[in-house]
Undergrad: 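First the structure, then my questions, so here it is.
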Amino acid sequence: QVQLVESGGGLVQAGGSLRLSCAASGRTFSSYTMGWFRQAPGMEREFVAAITRSGITTNYADSVKGRFTISRDNAKNTVYLQMNSLKPEDSAVYYCAAKNLHGTSRYFDDYDYWGQGTQVTVSS
């Protein structure tokens, strides 16, 4: 089992940047595919980005491609989400998730462990 704790959320103006971090504890971090999802009020949770165990392969939602970058540091048991050129529509609670099976996935049902979320608010 793995425990996930997100940090780095906050309030930022449109066009600004934030970097989210997700610290993992428990079983070996490098054995998990990691993902970021987000959920705005009244909306379903949606996929943002994912990264394989080695960090070689990444996958992004079309809405964030070219603006967000997912990365991981297996030595620090941490996955990151660098968010640039933020837009008001990026405002949401951002969740970190871990997946036992190999390969990225855009489906939240495929992920086994979740953090508590961190709020990101982008003002216009």
Undergrad: Check step by step if side chain to side chain contact (heavy atoms under 4.5 Å, CB included) holds for Val5 and Gln116.
TA: CA-CA 7 Å; Val5 179; Gln116 82 290 349; 4.3 Å; yes

Undergrad: Just verifying a value: how many Å separate Phe29 CZ and Lys76 NZ, rounded to the nearest 0.5 Å?
TA: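 Phe29 CZ to Lys76 NZ: 12.0 Å, rounded to 0.5 Å.
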
Undergrad: Applying the 4.5 Å side-chain criterion to the ILVMFWY set and letting contacts propagate, would Phe47 and Leu4 be lumped into a single cluster?
TA: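 Shared cluster, no.
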
Undergrad: What's the shortest heavy-atom distance between Ile70 and Tyr60, and which atoms?
TA: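 Minimum heavy-atom contact is N-OH, 2.9 Å.
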
Undergrad: What residue pairs, at least two apart or across chains, pass side chain to side chain donor-acceptor pair (under 3.5 Å) with a residue in residues 45-55?
TA: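 Qualifying pairs, neighbours excluded: Arg38-Glu46, Gln39-Arg45.
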
Undergrad: For Ser21 versus Thr78, what's the shortest heavy-atom pair and its separation?
TA: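 Reported closest heavy-atom pair: CB-CG2, 4.2 Å.
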
Undergrad: If every non-hydrogen atom of Ser17 is compared with every non-hydrogen atom of Ser85, which pair is closest and at what distance?
TA: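 Minimum heavy-atom separation between Ser17 and Ser85: OG-N, 4.4 Å.
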
Undergrad: Determine the minimum heavy-atom distance between Tyr111 and Gly35, stating which atoms define it.
TA: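 For Tyr111 versus Gly35, the nearest heavy atoms are CE2-N, 3.8 Å.
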
Undergrad: Is there a path of hydrophobic side-chain contacts, each under 4.5 Å between heavy atoms of I, L, V, M, F, W or Y residues, that connects Trp36 with Leu86?
TA: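 Both belong to a single hydrophobic cluster.
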
Undergrad: Among Val120, Leu11, Val122, exactly one meets side-chain contact (heavy atoms from CB on, under 4.5 Å) together with Ser91. Which residue is that?
TA: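 Looking at Val120, Leu11, Val122, the match for Ser91 under the side-chain contact (heavy atoms from CB on, under 4.5 Å) is Val122.
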
Undergrad: Write down the atom of Lys99, the atom of Ser105, and the distance for their closest heavy-atom approach.
TA: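 Looking at all heavy atoms of both residues, the closest pair is CE-CB, 3.8 Å.
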
Undergrad: Is there side-chain contact between Thr104 and Thr58, with heavy atoms separated by less than 4.5 Å?
TA: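 A side-chain contact is absent here, since even the closest heavy-atom pair is not under 4.5 Å.
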
Undergrad: Any non-hydrogen side-chain atom of Asn59 less than 4.5 Å from a side-chain atom of Arg106?
TA: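 Sidechains of Arg106 and Asn59: in contact.
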
Undergrad: Would a hydrophobic clustering, with Ile, Leu, Val, Met, Phe, Trp and Tyr connected at side-chain separations under 4.5 Å, put Ile51 with Met83?
TA: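 Yes, one cluster joins them.
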
Undergrad: Could you see if Tyr80 belongs to whatever hydrophobic cluster contains Val12? Use Ile, Leu, Val, Met, Phe, Trp, Tyr and a side-chain cutoff under 4.5 Å.
TA: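 No: no chain of side-chain contacts under 4.5 Å links Tyr80 to Val12.
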
Undergrad: What I'd like to find out is whether the side chain of Val48 reaches to under 4.5 Å of the side chain of Leu81, using heavy atoms alone.
TA: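 A side-chain contact under 4.5 Å exists here.
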
Undergrad: Hey, does Asp112 have a side-chain heavy atom less than 4.5 Å from the side chain of Tyr32?
TA: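 Side-chain contact under 4.5 Å: no.
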
Undergrad: Quick one: do the Ser25 and Gln3 side chains pair a donor with an acceptor below 3.5 Å?
TA: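 Present: a donor and an acceptor within the cut-off.
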
Undergrad: Which atoms form the tightest heavy-atom contact between Tyr113 and Asn100, and what is the distance?
TA: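 Reported closest heavy-atom pair: CE1-ND2, 4.1 Å.
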
Undergrad: Should Phe37 and Leu20 be regarded as members of a common hydrophobic cluster, given that ILVMFWY residues are connected when their side-chain heavy atoms come within less than 4.5 Å of each other, either directly or indirectly?
TA: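 Result: no, two separate clusters.
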
Undergrad: Rounded to the nearest 0.5 Å, what separation is found between the CG atom of Asn84 and the CG atom of Leu18?
TA: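 With rounding to 0.5 Å, CG (Asn84) is 9.5 Å from CG (Leu18).
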
Undergrad: Between the main-chain N or O of Cys96 and the side-chain N or O of Glu6, is there a donor-acceptor pair closer than 3.5 Å?
TA: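 Side chain of Glu6 to backbone of Cys96, a donor-acceptor pair under 3.5 Å: yes, one is there.
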
Undergrad: Suppose the criterion is salt bridge (charged side-chain N to carboxylate O under 4.0 Å, His left out): which pairs have a residue in residues 59-69, not counting sequence neighbours?
TA: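 Found Asp62-Lys65, Arg67-Asp90.
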
Undergrad: Measuring from atom OG of Ser7 to atom CZ of Arg19, what distance do you get when rounded to the nearest 0.5 angstrom?
TA: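 Ser7 atom OG to Arg19 atom CZ measures 9.0 Å (nearest 0.5 Å).
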
Undergrad: Does the plane of the ring in Tyr95 sit parallel, tilted or perpendicular to the ring in Trp114? Use 30° and 60° as the thresholds.
TA: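 Plane angle over 60°, so perpendicular.
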
